Amino acid sequence: MDTALTLFRTIPQEKKNAISWTTIISGYVQAGMNKEALQLFHEMQNSNVPPDKVSLASALSACAQLGALEQGRWIHSYADKARISIDSVLACALIDMYAKCGDMEEALGVFKDVKKKTKSVQVWTALISGYAYHGLGGEAIRRFTEMQKTGVKPNGITLTAVLTACSYTGLVEEGKSVFYTMERDYNVKPTIEHYGCMVDLLGRAGLLDEANRLVQKMPMKANAVIWGSLLKACQIHRNIELGERIGEILIGMYPNHGGRYVHTANIHAMGGKWDKAAETRRLMKNKGVVKVPGCSTISLEGTTHEFVAGDRSHAEIEIIRSKWRTVRRRLEENGYVPELEDVLLDLADDEEREAIVHQHSEKLAVAYGLMKTKPGTTIRIMKNLRVCKDCHKVMKLVSKIYKRDIMMRDRTRFHRFRDGKCTCGDYW
DNA sequence: ATAGGGTTAG
């Protein structure tokens with residue numbers, strides 16, 4: 001990307017057109033450098049080249065990955081104002097952006113505005129995927145059925161979305177039925193992604209042996225995603241022995257990935273094997289591998305506020321920490337007891353474990369949200385890792401006691417908290 | 001035929 005940007009910078013201003021701008025923007029998106037992509041999109045708007053529909057689709061993709069709802073909305077209204085028609089590709093990008101930014105209502109609104117003949121399999125798939133990671137499995141299946149009634153045939157990606165929906169919602173029988181008939185009914189041969197969905201579906205549901213057997217008999221070699229899915233299932237269902245074996249396989253496959261060491265150390269710790277857990281963490285340290293820190297963001301009036309556990313760089317950090325203590329007291333008055341089983345560290349007592357969970361970034365983010373937004377507003381939080389049991393519990397309680405809807409996007413899916421309940425049904 | 005774009009499992 002550095003070389004590409006340097007070259008792009010050598011193009012004289014008057015020779016830059018929508019295509020050269022879009023090439024560099026989509027390059028950044030494909031490299032996962034979404035902030036840089038939006039920065040360049042912004043620069044493009046200040047130049048004399050107006051963005052066309054391809055530029056918008058690329059920028060929307062960056063917004064989707066960042067969870068940048070406000071900027072995504074702006075692009076949507078820009079398309080309307082510039083009379084850029086919403087074709088299949090732009091519709092897809094818009095639906096995906098709204099869904100990944102937590103606004104399924106608006107995603108559905110875009111979908112409904114798309115003319116029937118423009119509703120490509122991709123457009124349907126974008127909507128179904130949205131329902132999947134919002135934990136709305138029934139809705140995903142309903143749309144899948146509806147899609148077929150309109151004569152649109154699913155492709156491999158559509159089926160991945162449907163299986164993900166089944167997995168996240170615990171629809172084991174429905175998922176199995178789709179998986180075992182997909183080749184016959186839709187002429188789509190299961191790929192590693194479909195096997196991945198099935199391993200996840202079975203593993204989450206506690207059918208670990210069945211999941212493991214599927215990994216053994218599938219026609220391709222298991223990759224890190226498959227093993228990771230099985231490892232997570234071992235953790236949820238406390239299968240220490242299998243988990244330890246898989247953890248070793250994963251570390252062997254990717255010795256530079258910090259998350260694998262942490263996960264494996266956690267499995268050892270879950271089984272009470274503190275020496276093995278320490279050994280895994282030591283190995284990680286010796287190799288100079290670092291864990292990605294947990295980070296939560298909340299956007300308020302166009303500014304994104306970022307929180308990392310233990311980090312005090314936010315200008316209002318002391319007020320925010322104090323607000324969290326107030327929230328915590330109020331939750332405690334309403335029966336909140338910390339959930340400490342995810343703190344798999346060799347600590348002397350639970351007090352130390354409590355101190356750890358109370359530093360988690362999403363708690364600071366929600367405290368800040370309560371401070372800065374009006375009652376009745378939905379609090380939207382984005383997190384780069386999965387949410388821990390305690391933070392999940394806290395979000396449920398805050399939604400009830402403070403009468404606030406909370407929308408939280410974690411590494412893989414959405415949690416929507418309302419009146420003490422979460423749309424994931426505690427199945428995550 | 002003719003630059004750049006969307007949906008995908010832990």
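Labels below follow one simple rule: chain letters A, B, ... track the order of the sequence lines, proteins then strands, and each chain is numbered from 1. None of these values were measured; they are calculated from a predicted model.
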Student: Please confirm whether any donor atom in the side chain of Asp52(A) sits under 3.5 Å from an acceptor in the base of dG4(B), or the reverse.
Tutor: yes

Student: With sugar-phosphate meaning primed atoms plus P, OP1 and OP2, does Ala18(A) contact a base, only sugar-phosphate, or nothing at under 4.0 Å between heavy atoms?
Tutor: base

Student: Please tell me which of the listed nucleotides, dG4(B), dA9(B), dG10(B), lies nearest to the side chain of Asn223(A)?
Tutor: dA9(B)

Student: The side chain of Leu90(A) lies closest to which of these nucleotides: dA9(B), dT7(B), dG5(B)?
Tutor: dG5(B)

Student: Regarding dG5(B), can its base be found pairing with the side chain of Ser55(A) as donor and acceptor, where the two atoms are less than 3.5 Å apart?
Tutor: no

Student: Should the ring pair His314(A) and His305(A) be called parallel, tilted or perpendicular, given that the plane angle runs from 0 to 90° and is split at 30 and 60?
Tutor: tilted

Student: What is the separation between atom NZ on Lys189(A) and atom P on dA9(B), rounded to the nearest whole Å?
Tutor: 22 Å

Student: Please work out if Ser120(A) contacts a base, only the sugar-phosphate, or nothing of the nucleic acid, heavy-atom cut-off 4.0 Å.
Tutor: base

Student: What is the distance, rounded to the nearest whole Å, between atom CD of Gln235(A) and atom P of dG10(B)?
Tutor: 15 Å

Student: Figure out the CZ/P separation between Arg386(A) and dG10(B), and round it to whole Å.
Tutor: 8 Å

Student: With a 3.5 Å cut-off and no angle check, do the side chains of Tyr98(A) and His76(A) form a donor-acceptor pair?
Tutor: yes

Student: Mind calculating the distance between CD (Gln30(A)) and P (dA3(B)) to the nearest angstrom?
Tutor: 16 Å

Student: Out of dG6(B), dA9(B), dT8(B), which nucleotide sits closest to the side chain of Ser129(A)?
Tutor: dT8(B)

Student: Whole angstrom is fine here: how far is it from CG in Asn266(A) over to P in dG10(B)?
Tutor: 19 Å

Student: Establish, with yes or no, whether the OP1 or OP2 oxygen of dG5(B) is under 4.0 angstrom from a side-chain nitrogen or oxygen of Gln122(A).
Tutor: no

Student: In this structure, how many angstroms lie between the P atom of dG5(B) and the CG atom of Leu94(A), rounded?
Tutor: 17 Å

Student: Give the rounded distance in Å between these two atoms: CD1 of Ile128(A) and C1' of dG6(B).
Tutor: 15 Å

Student: Under 4.0 angstrom, heavy atoms only, what part of the nucleic acid is Ala64(A) near: base, sugar-phosphate, or nothing?
Tutor: nothing

Student: Any chance the side chains of Thr423(A) and Arg418(A) put a donor and an acceptor closer than 3.5 Å?
Tutor: no

Student: Please confirm whether the shortest side-chain N or O distance from Lys100(A) to OP1 or OP2 of dT8(B) is below 4.0 Å.
Tutor: yes

Student: How is Cys197(A) classified with respect to the nucleic acid when contacts are heavy atoms under 4.0 Å: base, sugar-phosphate, or nothing?
Tutor: sugar-phosphate

Student: Quick check against the 3.5 Å criterion: does Ser47(A) have a side-chain atom that pairs as donor or acceptor with the backbone of Val49(A)?
Tutor: yes

Student: Check the angle between the aromatic planes of Phe8(A) and Trp21(A) and answer parallel, tilted or perpendicular using the 30° and 60° thresholds.
Tutor: perpendicular

Student: Identify which nucleotide among dG6(B), dG4(B), dT8(B) has an atom closest to any side-chain atom of Ile19(A), counting heavy atoms from C-beta outward.
Tutor: dG4(B)

Student: Give one of base, sugar-phosphate or nothing for Ser88(A), where a contact means two heavy atoms less than 4.0 Å apart.
Tutor: base

Student: Which nucleotide in the set dG4(B), dG6(B), dA9(B) lies at the smallest distance from any side-chain heavy atom of Thr22(A)?
Tutor: dG4(B)

Student: Measure from the side chain of Ile157(A), starting at C-beta and using heavy atoms only, and say which of dG10(B), dT8(B), dG4(B) lies closest.
Tutor: dT8(B)

Student: What's Val123(A) touching, base or sugar-phosphate or nothing? Going by heavy atoms closer than 4.0 Å.
Tutor: base

Student: Verify the distance criterion only: is there a donor paired with an acceptor across the side chains of Thr22(A) and Ser55(A) at less than 3.5 Å?
Tutor: yes

Student: Heavy atoms from C-beta onward define the side chain here; which of dT7(B), dG4(B), dG10(B) lies closest to that of Thr125(A)?
Tutor: dT7(B)

Student: Given atom CZ of Phe41(A) and atom P of dG5(B), what is their separation to the nearest angstrom?
Tutor: 15 Å

Student: What's the closest nucleotide to the side chain of Asp96(A) if the choices are dG6(B), dG10(B), dA3(B)?
Tutor: dG6(B)

Student: Mind telling me whether His392(A) and Trp428(A) have parallel, tilted or perpendicular rings, with 30° and 60° as the class edges?
Tutor: parallel

Student: Can you find a donor-acceptor N/O pair under 3.5 angstrom joining the side chain of Ser58(A) to the base of dG5(B)?
Tutor: no

Student: Please classify the nucleic acid contact of Leu231(A) as base, sugar-phosphate, or nothing, using heavy-atom distances under 4.0 Å.
Tutor: nothing

